[in-house]
Amino acid sequence: MKRNKHQWGIRRIFSLQEEPEKVARGFALGSFIGMLPFPGFQMFISAALASCFRWNKVAAIAGVFNTNLFTGAFVFAFNFWLGKEILGFESTFSMPEKINLSFARTVISAGREVFLSLLLGGVITGLLAMVGGYYLSLFILNRKQQK
């Protein structure tokens with residue numbers, strides 16, 4: 001039976017032989033970075049920051065996949081709406097149907113208000129993803145270690 005890449009990544013995180021706390025912190029960091037409007041660069045940012053903090057880089061990279069080809073358009077559209085509402089910006093910008101490397105160029109060319117809206121919305125949802133990702137992964141890792 002073939003495993004898809006997502007299952008392989010999750011299994012790999014929970015089989016890491018490092019302190020559960022460091023793995024959970026790495027996963028939480030990646031979950032936060034994954035919500036920020038930097039698709040294509042999120043893995044690099046997460047790995048670099050995890051390395052600086054001495055948290056698990058594999059878990060940090062896996063955490064960014066809360067936004068992917070299937071969820072990215074929805075997540076970034078929500079983050080844009082949330083940030084725009086909080087900041088009070090009026091915008092005619094519409095989110096691209098596909099999120100890829102040209103997304104960054106699209107956002108930059110759309111102007112400062114679009115980027116700030118995406119960033120603020122991403123920070124808010126990223127904080128939620130970070131807290132949830134930390135406690136969920138720590139719970140699973142600790143239970144696995146007890147067995």
Side-chain angles (χ1 to χ4, degrees), residues 1-87 89 93-108 110 113-147:
M1 182 166 91
K2 277 185 156 180
R3 287 187 206 162
N4 68 33
K5 291 178 185 177
H6 180 71
Q7 285 177 326
W8 180 85
I10 295 297
R11 288 180 194 266
R12 184 163 180 205
I13 291 171
F14 295 120
S15 67
L16 292 171
Q17 300 299 313
E18 195 169 352
E19 297 171 38
E21 185 72 24
K22 286 186 177 184
V23 175
R25 286 179 180 177
F27 188 76
L29 173 68
S31 297
F32 175 77
I33 299 296
M35 294 300 211
L36 300 179
F38 307 115
F41 303 100
Q42 296 162 324
M43 291 187 305
F44 303 112
I45 295 167
S46 290
L49 289 173
S51 184
C52 290
F53 292 128
R54 294 196 170 134
W55 296 341
N56 189 280
K57 289 182 284 215
V58 172
I61 290 168
V64 304
F65 288 101
N66 55 9
T67 52
N68 53 54
L69 292 175
F70 303 106
T71 64
F74 170 75
V75 168
F76 291 131
F78 178 78
N79 289 348
F80 173 66
W81 172 83
L82 180 61
K84 181 177 73 143
E85 290 297 311
I86 291 170
L87 294 170
F89 291 147
F93 177 77
S94 61
M95 196 61 55
E97 289 182 25
K98 288 186 177 182
I99 304 299
N100 52 31
L101 290 176
S102 67
F103 177 74
R105 188 177 16 209
T106 302
V107 169
I108 290 168
E113 291 178 352
V114 170
F115 177 73
L116 290 176
S117 297
L118 273 164
L119 187 61
L120 178 60
V123 166
I124 293 168
T125 59
L127 288 171
L128 296 172
M130 180 177 68
V131 171
Y134 173 77
Y135 285 109
L136 180 62
S137 60
L138 187 61
F139 174 77
I140 293 169
L141 290 163
N142 283 331
R143 290 224 28 201
K144 184 181 179 284
Q145 210 173 42
Q146 290 171 356
K147 288 183 180 182

Scanning both residues in full, the closest heavy-atom pair of Ala50 with Leu29 reads N-CD2, 3.5 Å
Scanning both residues in full, the closest heavy-atom pair of Phe76 with Leu118 reads O-CD2, 3.3 Å
Query raised in the report: So, do Leu120 and Leu82 sit near enough that their side-chain heavy atoms are less than 4.5 Å apart?
Result: no
Closest non-hydrogen contact found for Ala129 with Ser31 is O-CB, 3.6 Å
For the pair Ser137 (side chain) and Tyr134 (backbone), establish whether a donor and an acceptor sit closer than 3.5 Å, ignoring hydrogens and angles.
yes
Next item on the list: Keeping the roles fixed (side chain from Asn79, backbone from Ser117), state whether a donor-acceptor pair exists under 3.5 Å.
Entry: no
* For the residue pair Phe74 and Phe78, does the interplanar ring angle fall in the parallel (under 30°), tilted (30 to 60°) or perpendicular (over 60°) class? -> parallel
* To do: Find out whether Phe93 and Glu113 are in side-chain contact, i.e. whether some heavy atom of one side chain is under 4.5 Å from a heavy atom of the other.
  => no
Shortest non-hydrogen pair, Phe32 vs Gly126, comes out as CD1-C, 3.3 Å
Compare all side-chain heavy atoms of Val131 with those of Leu127 and state whether any distance is below 4.5 angstrom. no
One should read off an interatomic distance between Met43 CE and Ile33 CD1, to the nearest 0.5 angstrom, of 13.0 Å
Side chain of Ser51, backbone of Ala47: donor and acceptor closer than 3.5 Å? no
Here the gap from Met95 atom CE to Phe103 atom CZ, rounded to the nearest 0.5 Å, amounts to 5.0 Å
(Q) Within a 6.0 Å radius of atom NZ on Lys84, are there more than 12 heavy atoms belonging to other residues, nucleotides or ligands? (A) yes
With a 3.5 Å distance limit and no angle check, can you tell me whether Thr71 reaches the backbone of Asn66 through a side-chain donor-acceptor pair?
yes
Ignoring hydrogens and geometry, is there a side-chain-to-backbone donor-acceptor pair from Asn142 to Phe139 under 3.5 Å? no
Shortest non-hydrogen pair, Ser46 vs Val64, comes out as OG-CG1, 3.0 Å
Rounding to 0.5 Å, atoms CG (Leu141) and CG (Leu136) come to a distance of 9.0 Å
For this session: Could you tell me whether a side-chain N or O of Thr67 sits under 3.5 Å from a main-chain N or O of Gly34, the two making a donor and an acceptor?
Result: yes
Value for CZ (Phe44) from CD1 (Ile61), rounded to nearest 0.5 Å, stands at 8.5 Å
For Gln42 and Met35 the tightest heavy-atom approach is NE2-N, 4.4 Å
- Query: Glu18 side chain to Asn56 main-chain N or O, any donor-acceptor pair under 3.5 Å?
  - Reply: no
Interatomic distance, CZ@Arg25 vs CD@Glu19, rounded to 0.5 Å, equals 9.0 Å
Rounding to 0.5 Å, atoms CZ (Phe89) and CZ (Phe80) come to a distance of 9.5 Å
